[in-house]
Amino acid sequence: MDTLKFFFLFLFLFLFLFLSPLIHATNSCATSICFNSSFTIRFPFQTNQQQPQTCGYPGFDLTCNNQGTTVLNLPNSGKFFVRYINYLTQQIQLYDPNNCLPTRLLEFNLTGSPFRALYYLNYTFLTCPSKFTRSRFTVIDCLSNSTNTTLATCSMNLAMGINVCEILVTLPIPVSHPRQDEDDFSSDLSDDLVLTWDVPNCEECESKGAMCGLQDNASQQIVCINNPGTGKANRLRVFQIICFSIVVPTITCAFATAFFIYFVSGGTQRRRNGTTTVQQNSDPAAITPQPTTIIAGLDESTIESYTKVVLGESRRLPGPNDDTCSICLSEYRAKEMVRCIPACKHCFHADCIDEWLRLNGTCPVCRNSPSPAHGNLENV
Ligand SMILES: *[C@@H]1O[C@H](CO)[C@@H](O)[C@H](O)[C@H]1NC(C)=O
Ligand SMILES: *[C@@H]1O[C@H](CO)[C@@H](O)[C@H](O)[C@H]1NC(C)=O
Ligand SMILES: *[C@@H]1O[C@H](CO)[C@@H](O)[C@H](O)[C@H]1NC(C)=O
Ligand SMILES: *[C@@H]1O[C@H](CO)[C@@H](O)[C@H](O)[C@H]1NC(C)=O
Ligand SMILES: *[C@@H]1O[C@H](CO)[C@@H](O)[C@H](O)[C@H]1NC(C)=O
Ligand SMILES: *[C@@H]1O[C@H](CO)[C@@H](O)[C@H](O)[C@H]1NC(C)=O
């Protein structure tokens with residue numbers, strides 16, 4: 001029975017080659033996970049509860065709470081929940097346990113931690129009368145109550161322009177994007193806080209699919225360990241498992257068939273030529289162009305071309321306007337600068353409407369497009 005011997009030898013070699021990396025993949029600093037989190041904890045992070053003391057880098061200690069959420073304790077800013085850790089880009093995404101990130105940002109201090117913000121933007125916090133909940137601004141709900149409304153804007157002009165509000169403070173706030181053409185009316189600061197770290201730098205190692213670790217207890221020297229479990233190494237393992245689950249049954253079948261044909265049928269029977277019909281699913285409908293809506297504001301020269309008026313003592317405005325700016329809901333005062341949209345004659349504080357038109361091409365009251373291209377719209 002040479003065929004059988006050969007078969008078992010082959011199977012043994014196969015098992016050895018494909019399974020041995022799986023068996024040897026464990027080490028004492030293996031990754032761990034909090035049961036209600038979607039990411040693993042590994043170098044430079046560690047959880048003292050699950051891993052030996054020497055698995056992480058100083059300042060990168062995490063804990064799992066009773067709900068299985070990952071918690072980071074910043075020395076000068078307190079506890080944050082961790083939404084995600086990206087080991088490749090070296091970013092950690094945090095949120096407030098009480099879902100009110102703005103309160104935490106008002107007294108945020110990264111001193112004593114290895115993390116830094118990606119960007120900072122100066123935000124001005126304002127406290128306003130409660131009717132502001134109906135204004136064009138996004139209100140920070142968790143900092144507002146029935147009498148006082150809090151909002152934040154990164155436009156100092158806008159903050160100074162709203163005369164019914166009191167400026168609380170202007171602070172550099174950590175943000176995850178540099179300032180583009182950001183909407184100053186809807187800065188609600190409730191997005192997750194994204195921080196990054198520079199030391200230890202494992203980006204190169206991670207990009208090769210390997211994993212960083214400490215060389216030994218005493219030094220903070222890091223080494224790149226080619227450890228299956230992440231990135232490319234992980235894909236290799238998946239590949240091995242797939243091979244294993246497909247190739248082994250196929251080969252076993254082939255051997256069994258050969259065995260059957262050779263010994264039982266005596267090699268006399270001819271295999272019937274079975275043809276398989278491959279249904280070709282050539283459905284070309286997959287790519288349909290999506291209509292895209294581009295919400296564009298107006299350029300500075302167009303905005304500047306609209307009439308500006310300085311209000312007199314009578315505070316009377318031209319056209320269909322009352323005594324309140326409908327963007328910031330403040331009453332007009334004497335000597336304030338007002339700008340009116342020519343097409344519909346609606347007027348607003350110049351600071352308010354300029355900022356608005358840079359983001360939205362339409363009048364905030366009647367939603368008519370005031371741009372010259374639509375200027376021939378009939379005026380009722
Ligand atoms: C997981 O977390 C969510 C919210 O963070 C919580 O509502 C839920 O109870 C947690 N699950 C368990 C099993 O603790
Ligand atoms: C942050 O905290 C450190 C230490 O408590 C303190 O020295 C520093 O002034 C704080 N920075 C700010 C901006 O409050
Ligand atoms: C924030 O304001 C301070 C003081 O006015 C200024 O020094 C700093 O450059 C500003 N930061 C940003 C990001 O604009
Ligand atoms: C609302 O909040 C302000 C502080 O923002 C506080 O002074 C005021 O007493 C609060 N009012 C009520 C009714 O809680
Ligand atoms: C809350 O609103 C009241 C009345 O609008 C105002 O007098 C008070 O200063 C506001 N409180 C804060 C903390 O701004
Ligand atoms: C590393 O430190 C741990 C305890 O902190 C100790 O048990 C272990 O022997 C140390 N290993 C080496 C190689 O120094």
Side-chain angles (χ1 to χ4, degrees), residues 31-41 45 47-50 58-86 91-127 137 140-143 150-162 165-199 351 354-355 358-359:
T31 60
S32 68
I33 192 163
C34 296
F35 68 83
N36 207 356
S37 301
S38 61
F39 55 91
T40 55
I41 297 168
F45 293 92
T47 60
N48 292 333
Q49 297 134 310
Q50 295 172 24
F60 287 84
D61 295 328
L62 299 174
T63 48
C64 297
N65 72 5
N66 293 337
Q67 277 74 50
T69 307
T70 316
V71 182
L72 173 70
N73 194 355
L74 293 172
N76 280 297
S77 302
K79 284 182 178 163
F80 285 88
F81 284 176
V82 184
R83 182 97 60 199
Y84 192 71
I85 298 172
N86 188 331
Q91 289 179 0
I92 183 166
Q93 195 177 331
L94 307 173
Y95 64 104
D96 179 41
N98 300 315
N99 282 319
C100 191
L101 194 60
T103 38
R104 308 294 302 277
L105 297 177
L106 278 168
E107 36 202 58
F108 194 66
N109 187 342
L110 279 171
T111 311
S113 93
F115 305 104
R116 68 170 170 84
L118 295 173
Y119 306 97
Y120 280 100
L121 269 184
N122 281 337
Y123 271 91
T124 302
F125 288 79
L126 302 159
T127 175
F137 287 96
I140 302 172
D141 285 326
C142 62
L143 280 175
T150 302
L151 53 92
T153 173
C154 41
S155 161
M156 202 62 205
N157 281 347
L158 214 48
M160 304 289 255
I162 313 171
C165 299
E166 225 176 278
I167 292 182
L168 289 176
V169 64
T170 299
L171 276 179
I173 295 290
V175 291
S176 43
H177 299 288
R179 181 170 183 164
Q180 299 139 6
D181 264 340
E182 208 165 315
D183 191 345
D184 291 329
F185 292 97
S186 61
S187 330
D188 69 346
L189 298 175
S190 58
D191 281 351
D192 285 356
L193 173 63
V194 179
L195 302 177
T196 185
W197 66 91
D198 298 318
V199 180
D351 286 332
D354 290 4
E355 206 74 41
R358 277 178 208 126
L359 303 158

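The structure presented is a predicted model; accordingly, all values stated were derived computationally and were not measured. For ligands, and for the atoms within them, numbers begin at 1 and follow the listed sequence.
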- Message: When you compare ligand 3 with Tyr120, is there at least one nitrogen or oxygen pair between them that comes in under 3.5 angstrom?
- Response: no
- Note on the structure: min-distance protein heavy atom vs atom 3 (C) of ligand 2 -> Asn109 ND2, 3.6 Å
- Quick one: nearest non-hydrogen protein atom to atom 14 (O) of ligand 1, plus distance? Gln67 O, 3.3 Å
- Task: Would you mind running through ligand 3 and noting each atom that sits below 4.0 Å from a heavy atom of Asn122?
- Result: 1 (C), 2 (O), 3 (C), 8 (C), 10 (C), 11 (N), 12 (C), 14 (O)
- Note on the structure: Residue, atom and distance of the protein heavy atom nearest atom 5 (O) of ligand 2 read Asn76 OD1, 3.3 Å
- Message: List ligand 2 atoms under 4.0 Å from Thr111, heavy atoms only on the residue side.
- Response: 1 (C), 2 (O), 3 (C)
- Polar side chain donor-acceptor pair, Gln93 to Asp192, under 3.5 angstrom: yes
- Verify atom 1 (C) of ligand 2: protein non-hydrogen atom under 4.0 angstrom away: yes
- Message: Strictly distance-based, threshold 3.5 Å: is any side-chain N or O of Thr153 a donor or acceptor partner for the main-chain N or O of Tyr123?
- Response: no
- If only atom types and distance count, is the side chain of Thr150 paired as donor or acceptor with the main-chain N or O of Leu143 below 3.5 Å? yes
- Note on the structure: Looking at Asn66, Asn36, Asn65, the heavy atom closest to atom 8 (C) of ligand 1 belongs to Asn36
- Message: Check whether Ser176 reaches the backbone of Val194 with its side chain - one donor and one acceptor, N or O, closer than 3.5 Å.
- Response: no
- Note on the structure: atom 13 (C) of ligand 1: closest protein heavy atom, distance to 0.1 Å, is Phe35 CE1, 3.8 Å
- Interatomic spacing from CG in Leu110 to CG in Leu195 - rounded to 0.5 Å: 5.5 Å
- Min N/O separation Thr69 to ligand 1 under 3.5 Å: no
- Kindly indicate, with the supporting measurements, whether the criterion side chain to side chain donor-acceptor pair (under 3.5 Å) is fulfilled by Asn109 and Thr111. CA-CA 6 Å; Asn109 187 342; Thr111 311; 2.5 Å; yes
- Message: Can you tell me how far apart CG (Leu359) and CG (Asp354) are? Round to the nearest 0.5 Å.
- Response: 11.0 Å
